[in-house]
Amino acid sequence: MSTLFFHHINVDLKLRALDEIWRTLAAGGKAVVVDVTTPTHLLGAMCAWAGYLLFRQAEIRENIEGRLEAAFTQSRFRRWRTVAHHFGYIPCTSWRNSPAG
């Protein structure tokens with residue numbers, strides 16, 4: 001489980017972190033990522049961009065621009081799914097290590 005970690009690392013490290021999660025996840029295990037991502041409505045956009053403007057952290061901007069979702073699809077997991085969405089910019093995304101993927 002990763003909560004609000006991926007917006008602190010650049011896109012290359014996002015991919016490396018996902019690879020490491022893949023490598024260490026036990027059969028039948030579940031990976032869950034909760035982090036800032038592309039806003040889905042005005043309130044989410046205001047919150048996400050306010051965080052970026054406050055901290056001026058390029059990695060937050062990467063997530064807002066969809067780089068975290070892209071990292072999911074580029075990783076070996078590939079079949080992540082959003083199981084919950086909070087405040088219009090913080091999804092809970094998961095993947096279960098099973099034959100069904």
Side-chain angles (χ1 to χ4, degrees):
M1 172 121 194
S2 170
T3 56
L4 301 174
F5 162 74
F6 277 85
H7 71 271
H8 292 289
I9 59 175
N10 67 37
V11 71
D12 294 330
L13 288 176
K14 288 174 185 19
L15 288 167
R16 287 178 52 197
L18 290 170
D19 278 345
E20 188 64 11
I21 292 169
W22 172 275
R23 186 185 73 75
T24 59
L25 190 63
K30 184 175 187 176
V32 177
V33 174
V34 178
D35 213 314
V36 175
T37 191
T38 306
T40 59
H41 56 65
L42 181 59
L43 177 60
M46 289 170 50
C47 292
W49 285 106
Y52 168 71
L53 293 172
L54 179 64
F55 297 110
R56 294 290 182 183
Q57 191 174 346
E59 297 81 5
I60 294 173
R61 186 179 186 122
E62 285 180 354
N63 283 22
I64 293 170
E65 293 173 343
R67 298 299 238 1
L68 181 56
E69 292 110 326
F72 288 147
T73 60
Q74 292 170 19
S75 76
R76 291 186 279 178
F77 287 106
R78 299 215 198 308
R79 293 179 59 195
W80 287 86
R81 64 187 176 104
T82 298
V83 295
H85 211 274
H86 305 283
F87 309 111
Y89 74 110
I90 302 177
C92 176
T93 311
S94 73
W95 186 87
R96 182 169 296 281
N97 187 3
S98 66

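Keep in mind that this is a model prediction, so the values were computed, not measured.
- Of the candidates T37, T93, V33, T93 is the only one forming a side-chain contact (heavy atoms from CB on, under 4.5 Å) with T82.
- The two residues L4 and V36 have their closest heavy-atom pair at CD2-N, 4.3 Å.
- To the nearest 0.5 Å, atom CD of residue E69 and atom NZ of residue K14 are 10.5 Å apart.
- Interatomic distance, T40 OG1 to I90 CD1, rounded to the nearest 0.5 Å: 11.0 Å.
- Rounding to the nearest 0.5 angstrom, the gap separating the CG atom in L25 from the CZ atom in R96 is 9.5 Å.
- Relative ring orientation between Y89 and F87 is described as tilted, the plane-to-plane angle lying within the 30° to 60° band.
- When every heavy atom of P91 is checked against every heavy atom of H85, the shortest pair comes out as CB-CD2, 3.4 Å.
- Transitive grouping of hydrophobic side chains (ILVMFWY, heavy atoms separated by less than 4.5 Å) keeps L15 and F72 in distinct clusters.
- No path of Ile, Leu, Val, Met, Phe, Trp and Tyr side chains, each step under 4.5 Å between heavy atoms, connects L42 with W49, placing them in separate hydrophobic clusters.
- Using a 4.5 Å cut-off between side-chain heavy atoms of Ile, Leu, Val, Met, Phe, Trp and Tyr, with links allowed through other members, W80 and V34 fall into different hydrophobic clusters.
- Residue A17 comes nearest to I9 through the heavy atom pair CB-CD1, 4.2 Å, listed as atom of the first residue, atom of the second, then distance.
- Listed by first then second residue, pairs satisfying side chain to side chain donor-acceptor pair (under 3.5 Å) with a partner in residues 1-11 read H7-D35, H8-Q57, not counting sequence neighbours.
- Transitive grouping of hydrophobic side chains (ILVMFWY, heavy atoms separated by less than 4.5 Å) keeps L54 and M46 in distinct clusters.
- Interatomic distance, C92 SG to M1 CE, rounded to the nearest 0.5 Å: 5.5 Å.
- Atom CD1 of I21 and atom CH2 of W95 lie 11.5 Å apart (nearest 0.5 Å).
- With a 6.0 Å radius and a threshold of 12 heavy atoms from other residues, nucleotides or ligands, R16 has its CZ atom at or below the threshold.
- Residues that satisfy the side chain to side chain contact (heavy atoms under 4.5 Å, CB included) test with E65, not counting sequence neighbours, are R61.
- Looking at residues two or more places apart in sequence or on another chain, you find a side chain to side chain contact (heavy atoms under 4.5 Å, CB included) between A70 and Q74.
- Residues L13 and L18 share a single hydrophobic cluster, defined by chaining ILVMFWY side chains whose heavy atoms lie under 4.5 Å apart.
- Taken from CD in E59 to CZ in F5, the straight-line distance is 10.5 Å, to the nearest 0.5 Å.
- Closest approach of A48 to P39, counting heavy atoms only: CB-CG, 3.9 Å.
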